[in-house]
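Notes to accompany the following structure.
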Amino acid sequence: MVTLCGAAVTRCRVSTSCNSLVRAGTLGTIYFARGQDAFKKFYADALCLARMARRVAEGLGRPAGTVTGFIGSSHVYPEDRPAIDDFLARGKRFLLDVKPEGAR
């Protein structure tokens with residue numbers, strides 16, 4: 001388990017904990033972020049975590065598996081609305097029409 005903290009004044013402002021586990025031959029990574037600005041820099045943090053997971057997997061001689069994240073407080077600001085609307089409009093083409101098991 002690795003815990004990363006931002007510059008602390010009287011408390012740790014931003015913390016992220018990462019856990020890597022070998023399962024079914026691949027190295028999976030799970031992380032927890034206390035808070036995250038969803039449409040400001042989340043993509044950069046996600047790419048950084050994925051790169052870190054690949055480097056750890058390479059060091060262990062294993063293929064990298066999935067990266068799963070949990071964010072305690074996802075921050076979305078009013079000025080992010082245009083980016084959110086654009087993301088949702090463009091992202092619809094990636095959604096699968098999958099019904100939950102047992103649904104009719």
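Note: hydrogens, waters and symmetry copies are ignored here, and every other heavy atom, side chains too, is used. Position 1 is the first residue of the sequence; numbering continues from there.
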Heavy-atom pair with the smallest gap, counting every atom of M52 and C18: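 Nearest pair, atom of M52 first, then C18: CE-SG, 3.4 Å.
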Where A53 and V67 come nearest, the two heavy atoms and their spacing: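 That would be CB-CG2, 3.9 Å.
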By side-chain contact (heavy atoms from CB on, under 4.5 Å) - contacts of T26 (at least two apart):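 side-chain contact (heavy atoms from CB on, under 4.5 Å) check on T26 returns P63.
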All side-chain contact (heavy atoms from CB on, under 4.5 Å) counterparts of R54, not counting sequence neighbours: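 By the side-chain contact (heavy atoms from CB on, under 4.5 Å) rule, R54 matches A50, R51, A64.
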Donor-acceptor contacts under 3.5 Å from residues 72-79 side chains, at least two apart:
from: S73; atom 1: OG; to: H75; atom 2: NE2; distance (Å): 3.1
from: H75; atom 1: ND1; to: D37; atom 2: OD1; distance (Å): 2.9
from: H75; atom 1: NE2; to: S73; atom 2: O; distance (Å): 3.4
from: Y77; atom 1: OH; to: D37; atom 2: OD1; distance (Å): 3.0

Set of ring pair (Phe, Tyr, Trp, His ring centres under 6.0 Å) partners for F39, sequence neighbours left out: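 Ring pair (Phe, Tyr, Trp, His ring centres under 6.0 Å) check on F39 returns F87.
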Nearest-0.5 Å distance, CD1 of residue I30 to CG of residue L49: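 Separation between the atoms: 12.5 Å.
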Atom pair OH (Y31) and OG1 (T68), whose distance is rounded to the nearest 0.5 Å: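 OG1 of T68 is found 9.0 Å from OH of Y31.
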Connected via hydrophobic side-chain network under 4.5 Å: I84 and F42: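 In one cluster with I84: F42, no.
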Side chain proximity check, V56 to T29, heavy atoms < 4.5 angstrom: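 No, every pair of side-chain atoms sits at 4.5 Å or beyond.
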Sequence-distant partners of R55, side chain to side chain donor-acceptor pair (under 3.5 Å), two or more places apart: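 With sequence neighbours excluded, R55 shows a side chain to side chain donor-acceptor pair (under 3.5 Å) to no residue whatsoever.
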